[in-house]
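Letters A, B, ... mirror the listed sequences (proteins, then strands); counts begin at 1.
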Number of protein chains: 2
Amino acid sequence: MTPDLEAAEVLLAVDELGSIGRAAERLAITQPAASARLRSMEARWGLTLVERSARGSHLTADGRAVAGWAAAVMEQVTAMNAGLQALRRDHDRDVRIAASLTIAGFLVPSWLGALRSQRPDASPQLAVVNSAEVTERVRAGAADVGFIETTDLPEDLATRRVGTDTLAIVAAPGHPWASRDSPVTAEELAAEPLVLREPGSGTRGTFDSALARVPNIALEAGSTASLIGAAQAGIGPAVVSARAVRGQLDRGELVEVETDLDLRRPLTVLWSWDRRLSATAEALLRIATVPA
Amino acid sequence: MTPDLEAAEVLLAVDELGSIGRAAERLAITQPAASARLRSMEARWGLTLVERSARGSHLTADGRAVAGWAAAVMEQVTAMNAGLQALRRDHDRDVRIAASLTIAGFLVPSWLGALRSQRPDASPQLAVVNSAEVTERVRAGAADVGFIETTDLPEDLATRRVGTDTLAIVAAPGHPWASRDSPVTAEELAAEPLVLREPGSGTRGTFDSALARVPNIALEAGSTASLIGAAQAGIGPAVVSARAVRGQLDRGELVEVETDLDLRRPLTVLWSWDRRLSATAEALLRIATVPA
DNA sequence: CACACCTCATAAACTGCGTCTATGACTCCC
DNA sequence: GGGAGTCATAGACGCAGTTTATGAGGTGTG
């Protein structure tokens with residue numbers, strides 16, 4: 001089901017280096033091994049991805065398309081690895097990060113990747129907790145920097161805006177709202193049974209205050225994946241971070257429903273005035289607060 | 001370097017099914033195998049991802065974060081597989097798709113994934129060629145549907161808007177433009193040596209006509225990856241599809257430069273009036289033209 | 001024009017990882 | 001206290017992918 005990843009790595013290396021042998025060297029395997037990986041991938045799919053010649057190898061048109069997809073895969077894999085590495089409770093860490101689930105899921109791994117390339121020596125530590133707990137940890141010094149997605153910021157901590165998260169209302173393609181032309185109003189939203197995160201989460205807080213009413217609950221769940229699954233299953237429209245459903249929207253598995261409500265919320269980084277940030281923490285801050 | 005993918009699959013299945021044994025069943029392996037995969041992943045990273053109990057297993061907080069990242073990875077893998085499958089020159093295919101590189105790279109695989117889930121029997125065939133060639137193939141009947149990203153549409157074919165692609169001007173963080181507050185003007189763009197796609201590509205065509213001048217070339221390359229690499233290396237600002245650099249922007253490896261120019265362009269699907277579309281082709285069309 | 005140098009492919013042996021079968025320990029619940 | 005579920009452990013097996021060693025083909029050069 002999930003093969004070819006090593007082969008895809010070879011493909012990318014060949015694209016960059018122009019030769020199977022040098023690609024092998026880069027990946028620290030022998031040339032026949034690299035060759036075999038490529039050949040088995042080509043055989044599996046019945047495609048010719050690489051044009052071999054006596055003066056090196058270059059990708060075919062198909063190969064270039066596949067390389068593009070492979071790069072996207074590798075990007076996610078790298079992000080996951082960066083996240084995993086940071087999740088490890090380590091001895092000599094450099095930056096202790098606390099982040100809420102949404103930010104940890106969709107932004108932190110990218111930042112960690114960038115941090116790692118800027119400062120290979122850095123060993124960040126990541127804790128994934130809810131927004132309130134993030135604030136608490138930063139205040140207590142258990143985390144050096146914290147990332148939250150709530151609108152009300154603590155007064156006693158240093159804050160800086162790092163971006164915007166937009167909530168999306170998404171419905172299965174068969175849902176009546178999927179084919180509306182007019183935005184859904186707050187009244188309608190309050191009347192419809194919805195699929196929501198649990199109270200206490202930043203996502204839910206944002207939605208509740210934008211709605212200014214008590215929502216009607218079809219299902220409450222703690223993980224984004226569950227919400228998405230429920231919406232797809234037709235249990236009801238779900239309210240989730242737009243970033244989390246980009247794939248499903250592109251694929252037409254879910255449809256975004258327009259609304260009157262302002263569902264944007266600032267993403268904020270927190271740190272304590274009292275403690276000075278390490279150089280690594282400052283670098284992370286700089287990466288995160290890139291001029292959007 | 002790229003391990004744990006099978007372990008990540010187990011993790012996702014455990015999250016969904018609540019038990020290692022049932023996860024194993026879903027993945028068509030035995031329970032000890034699934035257990036071993038998980039344990040080796042946990043050992044590798046020094047984390048506890050799954051809380052085992054006599055009444056089943058559920059993810060820890062760390063596990064939930066990892067599962068989110070894993071889902072993103074699997075999504076890309078699925079997209080790549082769908083693309084690979086469609087790339088295969090097949091005998092009994094159902095829809096022959098032609099798409100330009102940008103669309104093939106970032107949208108088609110998602111659509112194919114959705115198509116596959118709607119019509120598991122479908123066997124789409126994908127050709128990745130430039131915009132002019134796409135039109136030609138549809139006209140000649142060598143492709144059933146074509147996707148292009150140029151503004152001038154052929155009069156003799158049926159067309160429908162499927163979305164918008166926005167070009168982004170991106171520069172390395174060290175580049176002077178990276179820290180500007182004012183948009184870059186057409187004059188400035190024309191004066192600066194830029195990293196661009198080759199003439200004839202849809203991307204280049206859009207840029208040239210928006211610029212309405214002859215650009216100054218720092219480097220011309222045929223693949224998006226090369227452009228990105230060149231921009232990161234500081235050879236000059238690059239002009240690429242915004243979708244292609246989302247990761248680099250999030251990670252702060254590149255910075256988007258604001259501009260006066262309108263760099264949006266419609267994405268269009270083409271087909272021939274003469275030939276009737278297969279049911280599968282129609283389904284694909286419906287997926288692609290989801291109400292944005 | 002021949003030789004050196006690069007490319008990639010082939011062949012055979014080996015290593016080891018991951019899997020399966022079989023079993024056991026534990027917890028919960030009736 | 002038995003039964004039904006959970007997951008872990010142990011040992012044997014099989015095979016996939018690797019390495020080393022070699023060969024074949026094209027390119028360029030003195």
Undergrad: Between B/M41 (CE) and C/dG18 (C1'), how many Å, whole number?
TA: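 B/M41 atom CE is separated from C/dG18 atom C1' by 17 Å.
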Undergrad: Which nucleotide wins on minimum distance to the side chain of A/T30, given the candidates C/dC8, C/dC20, D/dT19?
TA: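 Comparing C/dC8, C/dC20, D/dT19 against the side chain of A/T30, the answer is D/dT19.
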Undergrad: From the list D/dT19, D/dT9, C/dC8, which nucleotide is the closest neighbour of the side chain of A/P32?
TA: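 When the side chain of A/P32 is considered, D/dT19 is the closest of D/dT19, D/dT9, C/dC8.
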Undergrad: Would you mind reading off the distance between B/I20 atom CD1 and C/dT27 atom P, rounded to a whole angstrom?
TA: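 Between P of C/dT27 and CD1 of B/I20: 16 Å.
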Undergrad: What is the separation between atom CG on B/L38 and atom P on C/dG18, rounded to the nearest whole Å?
TA: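 It works out to 13 Å between those atoms.
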Undergrad: Closest approach to the side chain of A/R37, judged atom by atom: which nucleotide of D/dC7, D/dT18, C/dC8 is it?
TA: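 Given the options D/dC7, D/dT18, C/dC8, the side chain of A/R37 is closest to D/dT18.
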Undergrad: What is the distance from CZ of A/R52 to P of D/dA24, rounded to the nearest Å?
TA: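 It is 20 Å, rounded to the nearest whole Å.
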Undergrad: Report the distance from atom CG of B/D4 to atom P of C/dC17, rounded to the nearest whole Å.
TA: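 For the pair B/D4 CG and C/dC17 P, the rounded distance is 14 Å.
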Undergrad: Round to the nearest Å and state the distance from B/L17 atom CG to D/dG5 atom P.
TA: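 Value for this atom pair: 16 Å.
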Undergrad: Could you pick out which residue, A/A33 or A/R55, lies toward the 5' side of DNA chain D when each is mapped onto its nearest nucleotide?
TA: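 The answer here is A/A33.
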Undergrad: Could you tell me how far apart B/L27 (CG) and C/dC20 (P) are, to the nearest whole angstrom?
TA: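 Checked: the CG to P distance equals 11 Å.
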Undergrad: Taking the side chain as every heavy atom from C-beta outward, state whether B/W45 and A/N81 have any atom pair closer than 4.5 Å.
TA: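 Yes; the side chains approach each other to less than 4.5 Å.
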Undergrad: How long is the straight-line distance from CD1 of B/I287 back to CD of B/Q118, given to the nearest 0.5 Å?
TA: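 Interatomic distance, B/Q118 CD to B/I287 CD1, rounded to 0.5 Å: 4.0 Å.
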Undergrad: Counting the atoms with a prime plus P, OP1 and OP2 as sugar-phosphate, which does B/S40 contact under 4.0 Å by heavy atoms, base, sugar-phosphate, or nothing?
TA: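 The answer is nothing, as B/S40 stays clear of every strand by at least 4.0 Å.
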Undergrad: From CD of A/Q31 over to P of D/dG17, roughly how many Å is that when rounded to an integer?
TA: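 For the pair A/Q31 CD and D/dG17 P, the rounded distance is 17 Å.
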Undergrad: Consider the side chain of A/S35, meaning its heavy atoms from C-beta on, and name the nucleotide among C/dA9, C/dT27, D/dC7 that approaches it most closely.
TA: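 For the A/S35 side chain, the nearest candidate turns out to be C/dA9.
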Undergrad: Examine distances only and state if a side-chain atom of B/W111 and a backbone atom of A/G252 form a donor-acceptor pair shorter than 3.5 Å.
TA: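 No; zero donor-acceptor contacts below 3.5 Å.
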Undergrad: Within a 6.0 Å radius of atom CD on B/Q232, are there more than 12 heavy atoms belonging to other residues, nucleotides or ligands?
TA: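 Yes - once you tally the heavy atoms of other residues, nucleotides and ligands closer than 6.0 Å, there are more than 12.
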Undergrad: Before accepting this row, confirm whether a basic side-chain N of the pair B/E42/B/R52 lies closer than 4.0 Å to the acidic partner's carboxylate O.
TA: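 Looking at B/R52 together with B/E42, the answer is yes, because their closest N to O distance falls below 4.0 Å.
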Undergrad: Reckon A/S57 has a side-chain N or O less than 4.0 Å from the OP1 or OP2 of C/dC8?
TA: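 Answer yes for this pair, as a side-chain N or O of A/S57 is under 4.0 Å from OP1 or OP2.
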